[in-house]
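No experiment lies behind these values; they were computed from the predicted model shown. Computed from heavy atoms alone, side chains included, the values below leave out hydrogens, waters and symmetry copies. Numbering of ligands and ligand atoms starts at 1, following listing order.
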Amino acid sequence: MHILLLGSGGREHALAWKIAASALVTKLWCAPGNAGIAREAECVPLDITDNGAVVDFCKANAVELVVVGPETPLVGGIVDDLAAAGIKAFGPSRRAAQLEGSKGFTKDLCREFNIPTAAYRRFGNAADAVAYVRAQGLPIVVKADGLAAGKGVVVARSTREAEDAIAMMFAGSLGAAGAEVVIEEYLAGREISFFALCDGENAIPLASAQDHKRAFDHDEGPNTGGMGAYSPTPFVTPEIHDQIMSRIILPTVSGMGARGTPFRGVLYAGVMLTEQGPKLFEYNVRFGDPECQVHMLRMMSDIVPAMLAACDGELKHFNLRWFPDAAVTVVMATKGYPGDYRKGSRIEGLEEAARLDGVEIFHAGTIERDGAILANGGRVLNVCALGKTVTEAQARAYQAVDRIKWPEGFCRRDIAYQAVEAERG
Ligand code: AMP
């Protein structure tokens, strides 16, 4: 089978590694890819937001399945355009991708199908939004409706902060994403992530996984795309798992089906465990980055048949199997990230690090030049390890980190600390 993978991050390197291991694959391309992905797939310099170019490449190369990593092409309708050309693609249609592409869309769906979420209202102008904020209590959450690369949510602790956020969004700082604003109730509780593979009618939960969003140890510093992740997690008890499936995931899948926009692909729910039970605060419509890295390490099943079953509406009798081992991934980023950083610094010691037992290194922003690996982005490496426990996986991952010589890089030293504490008892 000929497969094309779209994306260039650590998530896509993990996917490429897993897809390349499938007996079904005869040829794997990745657009645009990175220096690590180049070892698993042939990288091609396609603009993945140019649907026409992607369709043309698939036709020219007899591609039978396209796997879409990031949200932007999904929200841009890549799956629809490929389907119109008779090419199967793993991921939601443009309308189903609205679950991530529009906060207002998701909130309205929750209201229609009784899915527990924070109380909210949608606004098209600043004056009404400000009046609503003043009438509500604090804290309050201000969200740009559209995709804003992680910058579209402000948890405001003062009226001033909320008003500034509203003004910033309507002034166009986030582009079209801020043309509409959702104001929602602040949810107190523990924040967890929940992932399910969906085929339009059925949903199979993935292994539990959790990321760390803040840049520095002890969950301090600015928000990032994610500085590490681990699996399994200690917070989703079997009871909470069942509640999330029955009250959030399954009503979403059946609601999307009832509206005529069935959801296929990975549904990634951000859930707050509140005193009144689990409540949804956001959906993403693709694998997490870096959560995907630990999912791929722990997935025992061949991923390609699972993706095909999701595309074909045949997950009902499908079963995903997982290794019992725990997995941890530590993100190494260029100093300065998530703010300004320099590109082009040299990274050494990757082979020595990867030789350690249970260790796998997935690349994100890297590029190869004259045989050397150079940093080419903010998040650059995912140093991953399996272990019998999260504690063992964490120790192995940091042993590998310590073998990597990259003075311009940094990482958190406490990834998976909650699970390690839970294992200590
Ligand atoms: P999102 O982009 O929707 O994931 O939001 C970014 C972060 O804002 C989340 O990871 C939460 O920590 C926080 N957040 C979003 N919505 C709420 C809410 N209703 N109550 C409390 N925190 C929230």
Side-chain angles (χ1 to χ4, degrees), residues 11 70-72 74-75 97-111 115-123 129 132-133 136-158 161-162 164-166 168-169 173-175 177-178 180-195 209-216 218-229 233 235-236 244 247-248 252 266-292 338 418:
R11 168 180 54 209
E71 60 278 15
T72 308
L74 293 169
V75 173
Q98 288 295 96
L99 283 175
E100 178 163 359
S102 165
K103 306 265 187 211
F105 173 94
T106 299
K107 299 300 290 190
D108 289 353
L109 183 96
C110 289
R111 180 177 282 166
I115 296 162
T117 187
Y120 75 104
R121 280 206 29 209
R122 302 173 72 167
F123 296 95
Y132 180 75
V133 161
Q136 303 294 310
L138 289 166
I140 195 150
V141 186
V142 181
K143 299 186 173 185
D145 181 69
L147 289 185
K151 299 188 182 94
V153 175
V154 175
V155 178
R157 312 225 165 238
S158 68
E161 224 183 318
D164 287 351
I166 291 166
M168 176 273 285
M169 289 173 193
S173 300
L174 303 173
E180 184 180 320
V181 165
V182 173
I183 313 266
E184 75 178 34
E185 169 201 8
Y186 173 81
L187 298 173
R190 182 183 287 284
E191 193 176 322
I192 62 109
S193 301
F194 194 94
F195 300 84
Q210 193 60 47
D211 69 343
H212 294 265
K213 280 266 179 278
R214 300 300 193 100
F216 308 130
H218 315 298
D219 294 319
E220 283 172 9
N223 261 326
T224 70
M227 294 301 290
T233 65
F235 306 116
V236 180
I244 294 175
R247 296 182 197 168
I248 298 178
T252 298
V266 173
L267 193 54
Y268 161 176
V271 175
M272 201 69 82
L273 303 180
T274 73
E275 281 178 1
Q276 298 89 44
K279 291 190 180 180
L280 178 78
F281 65 80
E282 73 159 346
Y283 269 134
N284 298 301
V285 297
R286 30 83 192 170
F287 283 107
D289 186 352
E291 297 93 324
C292 183
Q418 299 97 326

Problem set entry | Check: Glu291 and Ser193 side chains under 4.5 Å, non-hydrogen atoms | yes
Exercise. Nearest to atom 20 (N) of ligand 1, what protein heavy atom do you find, and at what distance?
Worked result: Leu187 N, 2.8 Å
For this session: Output all residues satisfying side chain to side chain contact (heavy atoms under 4.5 Å, CB included) with Asn223, sequence neighbours left out; order by chain, then residue number.
Result: Lys213, Arg214
Problem set entry | Contact with ligand 1 for Glu185, non-hydrogen, under 4.0 angstrom | yes
For this session: Please say whether Tyr186 places an N or O atom under 3.5 Å from an N or O atom belonging to ligand 1.
Result: no
Problem set entry | Glu282 neighbourhood, listing ligand 1 atoms whose heavy-atom distance to it stays under 4.0 Å | 1 (P), 2 (O), 3 (O), 4 (O)
For this session: Return yes or no for this condition: an N or O of Ala118 is under 3.5 Å from an N or O of ligand 1.
Result: no
For this session: Mark yes or no for whether Ser173, through its side chain, and Met168, through its backbone, hold a donor-acceptor pair below 3.5 Å.
Result: yes
Problem set entry | Protein heavy atom at shortest distance from atom 22 (N) of ligand 1 | Met272 CE, 3.7 Å
Seminar exercise, completed: atom 3 (O) of ligand 1: closest protein heavy atom, distance to 0.1 Å, is Lys103 NZ, 3.2 Å
Exercise. Sub-3.5 Å donor-acceptor pair from the side chain of Thr224 to the main-chain atoms of Ala215, do we have one?
Worked result: no
Problem set entry | Protein heavy-atom partner closest to atom 19 (N) of ligand 1 - residue, atom, separation in Å | Glu184 OE2, 2.7 Å
Problem set entry | Heavy-atom check, side chain of Glu71 versus side chain of Asn284, under 4.5 Å | no
Exercise. Who are the salt bridge (Lys or Arg N to Asp or Glu O under 4.0 Å) partners of Arg122, not counting sequence neighbours?
Worked result: Asp108, Glu180
For this session: Could you please spell out the steps behind the side-chain contact (heavy atoms from CB on, under 4.5 Å) verdict for Glu282 and Thr106?
Result: CA-CA 8 Å; Glu282 73 159 346; Thr106 299; over 6 Å; no
Exercise. In the protein, what heavy atom is nearest to atom 2 (O) of ligand 1, and what distance, to one decimal place, separates them?
Worked result: Val153 CG2, 3.2 Å
Seminar exercise, completed: Looking only at protein heavy atoms, what sits closest to atom 13 (C) of ligand 1 is Val155 CG2, 4.0 Å
Problem set entry | atom 11 (C) of ligand 1 - nearest protein heavy atom and its distance | Glu191 OE1, 3.4 Å
Exercise. Measuring from the heavy atoms of Lys143, does anything fall under 4.0 Å of ligand 1?
Worked result: yes
Problem set entry | Met169 vs Val154 side-chain heavy atoms within contact, under 4.5 Å | yes
